[in-house]
Number of protein chains: 2
Amino acid sequence: MKMSVTIKDVAKKANVAPSTVSRVIHNSPAISEKTKRKVRRVLKEMGYHMNENARNLVTKSTKAIGIVMKSSAKESLYNPFFPEVIRGIGDFCNKEGFSLSLTTGETEDAIFEDVVKMVQGRRVDGMIVLYSKKDDRVVPYLLKQGFPFVLIGKPSTNMSGITFIDNDNVQAAMEVTEFVIDLGHERIAFLGGSPEFEVISDRLMGFQQAVEQAGLAVPREYIKLIPLNRNDGIKAIDDLLELKETPTAFLVTDLLLAVLLLGVLAERNVKVPQQVSVVCFNHSEFIEFLSTPLTTVDIHTYQLGYEAAKCVFDLISNPEMMEKNIRIPTRIIKRESHFAVKKEIKRKM
Amino acid sequence: MKMSVTIKDVAKKANVAPSTVSRVIHNSPAISEKTKRKVRRVLKEMGYHMNENARNLVTKSTKAIGIVMKSSAKESLYNPFFPEVIRGIGDFCNKEGFSLSLTTGETEDAIFEDVVKMVQGRRVDGMIVLYSKKDDRVVPYLLKQGFPFVLIGKPSTNMSGITFIDNDNVQAAMEVTEFVIDLGHERIAFLGGSPEFEVISDRLMGFQQAVEQAGLAVPREYIKLIPLNRNDGIKAIDDLLELKETPTAFLVTDLLLAVLLLGVLAERNVKVPQQVSVVCFNHSEFIEFLSTPLTTVDIHTYQLGYEAAKCVFDLISNPEMMEKNIRIPTRIIKRESHFAVKKEIKRKM
DNA sequence: GTGAAAGCGCTAACAG
DNA sequence: CTGTTAGCGCTTTCAC
């Protein structure tokens, strides 16, 4: 590794003081054009590049933000959410010349340690927390430290002072449920991940509200909240299909489960959308590759990330800023996995 | 943001010199147990945490490694490769107390700038480059700087001195092709992404070698190299299915294409594995969610990342180390999407 | 065993 | 306009 040129080296060669070089680098208006030109030439000649650690040390800022991946990479592995949200964050950061640091821990404790190291170690100026869970220690810690951060997701109800970016999942679920009801469905099943995650419980709530408002009764067996894996998924789906009155529509909170559902339905020879409707949360371009054109709810993951980055940025620039709550709107992307229930079909099922 | 406790503060409170505190932190054997205990108590009491920038400045090391995502997050969006390889890298880093930095640029130039900033800015001690393409500037730059880095993938043929981690894709493709041939297949199609990527062209090569060795002829129409999107995919698959002699087996280089293929086959009422076999590269747990139990080639993405991290780590510890080339073995995961061709079927098709 | 002092590369008053 | 100076918080000789 080559030894690197410092501001001093440049100063010497250009016959100016180090501070002058520093000023030129920051394009201070106090420096004459002549000197600037001269110094810039030397800067280039010598291939100078700033040592960020030194700058960080004195300015107490790093131009870097950290991403806390609460849900370990493993969990979110199949979930396009993770790369997509990072892309959003990354785009904004790139625009502002910020760099990105990731937590690497897999366990709750390891992640917490990562966060402490980033924060106390002054490695980042702000943090973005992905997915907060109930018993989380990270958010309270950040809050206590007064460290600039934003949450993608929803904070626990008893916490204030948190800026967070989120979809209105209750609302989104209501809308999509109403959409399904408007198609004429009366027997709608809800298939989702663990309600331990706010996302899921919110969506369930929206679903239930819409259903109630429509004066429909949803039997308890229509609501399946399960861990995201093949066996539990298949079991849940089979349970639904073996009911006396099977659902005519499925609202699914996760693409993975939707993929599984479509597969199982195909095997059981149940036609989508001719016999049942399927609508799924978290649109991703991935669905293009499924043969059934799935109707989805787009939660704008990229925007979620982008806005979050923007918020931390603002928070870093002005720490006194009031907390705020940005809702990224959702949108139903209609494809052909839903159908308007026709009377005959309704009677038949 | 609370002002943070420095080594000086601790020193004062503990009635020792700053250097002593530093030694205690690093558990220097030169310090008496008594002093250590005392200092450690104060350290804890005051909630001391190291300012990494200061340490980095003097030690000229950062305990951080950078990840260059050549293939932008957008491209790899649906590809579990990205999160999985990062998980591997992350796990190793976590074990060694390293942190992770990501490039955020989307364009070639922006990425290059990110790399320069990381390297010259002394933000990282080493780099891992994911996916190198032909005309890449990053690798030559790193090489010229003598900066510790490893490549996940294969370097351009005319470059030496590069440590890289890779699968033997030619070999893997040969093996899996032989596996398919051994099942009795004689008409095998190759469905893959752009041969601009070494991965793809290597796999194609392996495929062709195996086929030739078996004395089978593969008509040109059996080889489909296409961009990864729905329309081109469907078109290619339909082309194959409309041939006079349709393939009895498909070797697919990408999970996405395999998903699409399964979908199209289902629509065309072609049964897998009863009528055709499908085998796919890049195993991922995602396939658990497909109704057809896909037979896959596991390239051990996690290991790829883990080993890469280990290599940069070694390289950082000992920069004089010879370059090396680690091949992560691949493995066929047999499921039920393949079948042994029985004579009747063969005749019928 | 421990302390004093120098310095990593940079910025930011304060002079002039 | 530019130079001088004093640190940022830490590590690391070199003394004692």
Side-chain angles (χ1 to χ4, degrees), chain A residues 1-40 42-43 46-64 117-123 125, chain B residues 1-40 42-43 46-64 97 117-125:
Chain A
M1 187 67 214
K2 271 192 277 199
M3 206 37 228
S4 47
V5 237
T6 73
I7 259 186
K8 267 191 189 166
D9 302 331
V10 176
K12 204 172 291 171
K13 192 153 180 195
N15 270 314
V16 293
S19 50
T20 302
V21 177
S22 174
R23 287 181 188 113
V24 172
I25 291 170
H26 296 294
N27 197 20
S28 154
I31 302 288
S32 73
E33 272 311 315
K34 191 155 157 286
T35 320
K36 277 189 184 169
R37 268 198 301 280
K38 182 176 63 181
V39 173
R40 287 210 183 101
V42 180
L43 239 21
M46 305 187 68
Y48 170 84
H49 204 285
M50 168 107 64
N51 181 323
E52 311 236 3
N53 289 311
R55 192 181 47 92
N56 294 348
L57 181 56
V58 33
T59 62
K60 288 161 174 11
S61 94
T62 60
K63 301 272 270 167
K117 243 170 78 180
M118 279 193 192
V119 172
Q120 307 272 32
R122 300 283 179 283
R123 284 205 122 138
D125 294 340
Chain B
M1 186 67 216
K2 270 192 277 196
M3 207 36 230
S4 48
V5 235
T6 72
I7 258 185
K8 267 190 188 167
D9 302 331
V10 177
K12 205 171 291 172
K13 191 153 182 197
N15 271 315
V16 293
S19 48
T20 301
V21 178
S22 174
R23 288 184 186 110
V24 172
I25 291 170
H26 297 291
N27 198 19
S28 154
I31 302 289
S32 71
E33 272 310 317
K34 190 155 158 287
T35 320
K36 278 189 184 171
R37 268 198 302 281
K38 182 177 62 180
V39 173
R40 287 210 182 101
V42 180
L43 239 22
M46 306 187 67
Y48 171 84
H49 204 284
M50 169 106 64
N51 181 324
E52 312 237 2
N53 289 310
R55 192 181 47 93
N56 293 348
L57 181 57
V58 33
T59 62
K60 286 162 176 11
S61 92
T62 61
K63 303 269 273 164
K117 243 169 79 179
M118 278 192 192
V119 171
Q120 307 272 31
R122 300 283 179 282
R123 283 205 124 137
V124 298
D125 293 341

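Each chain gets a letter, A, B and so on, in the order its sequence line appears, and its residues count up from 1.
- For the atom pair A:M46 CE and A:S4 OG, the distance stands at 10.5 Å (nearest 0.5 Å).
- Put simply, CG on B:L57 is 18 Å from P on C:dA6, counting in whole angstrom units.
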Identify all pairs in which a protein N or O lies below 3.5 Å from an N or O of nucleotides 12-16 of chain C, and state each distance.
residue, atom, partner, partner atom, Å
C:dA13, N6, A:R23, NH2, 2.8

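- Comparing the local axis fitted to the first five base pairs of the helix from C:dG1-D:dC16 to C:dG16-D:dC1 with the one fitted to its last five gives a bend of 40°, rounded to 10°.
- Side-chain contact check for B:N56 versus A:R123: some heavy-atom pair is nearer than 4.5 Å.
- Counting only residues at least two apart or on different chains, the salt bridge (charged side-chain N to carboxylate O under 4.0 Å, His left out) pairs with a member in residues 13-22 of chain A are A:K13-A:E45.
- Less than 4.0 Å separates DNA chain C from at least one heavy atom of each of the following residues of residues 48-55 of chain A: A:Y48, A:M50, A:N51, A:A54, A:R55.
- Side-chain contact between B:V42 and B:V16 is absent, with no heavy-atom pair separated by less than 4.5 Å.
- The shortest heavy-atom contact between B:G121 and A:H49 is N-ND1, 3.8 Å.
- Under the side chain to side chain donor-acceptor pair (under 3.5 Å) criterion, B:T59 pairs with no residue, sequence neighbours left out.
- Comparing A:I25 and B:K36 by the nucleotide of DNA chain C whose heavy atom lies nearest to each, the residue mapping closer to the 5' end is B:K36.
- Listed here is the closest heavy atom pair of B:T35 and B:S32: OG1-OG, 2.6 Å.
- Chain A approaches DNA chain D within less than 4.0 angstrom (heavy atoms of the protein), and the contacting nucleotides run 5' to 3' from D:dC1 to D:dG9.
- Under the rule for a salt bridge (Lys or Arg N to Asp or Glu O under 4.0 Å), the partners of A:R55 that lie at least two apart in sequence or sit in another chain are A:E52.
- Considering A:I31, A:V24, A:N15 in turn, A:V24 is the only one that fulfils the side chain to side chain contact (heavy atoms under 4.5 Å, CB included) rule with A:V39.
- Among the atoms of the strands shown, only primed sugar atoms or phosphate atoms (P, OP1, OP2) are found under 4.0 Å from some heavy atom of B:N15.
- A:K36 is linked by a side chain to side chain donor-acceptor pair (under 3.5 Å) to A:N27, counting only residues two or more places apart in sequence or in another chain.
- With hydrogens and angles ignored, the 3.5 Å screen pairs a side-chain donor or acceptor of A:N53 with a backbone N or O of B:R122.
- In this structure, the side chain to side chain donor-acceptor pair (under 3.5 Å) partners of B:D9, at least two apart in sequence or on a different chain, are B:T6.
- OP1 or OP2 of C:dG9 sits under 4.0 Å from a side-chain N or O of B:K60.
- Considering only residues two or more places apart in sequence or on other chains, B:T62 meets the side chain to side chain donor-acceptor pair (under 3.5 Å) condition with B:D125.
- For the pair A:A30 and B:V5, nearest-nucleotide mapping onto DNA chain D gives the more 5' position to A:A30.
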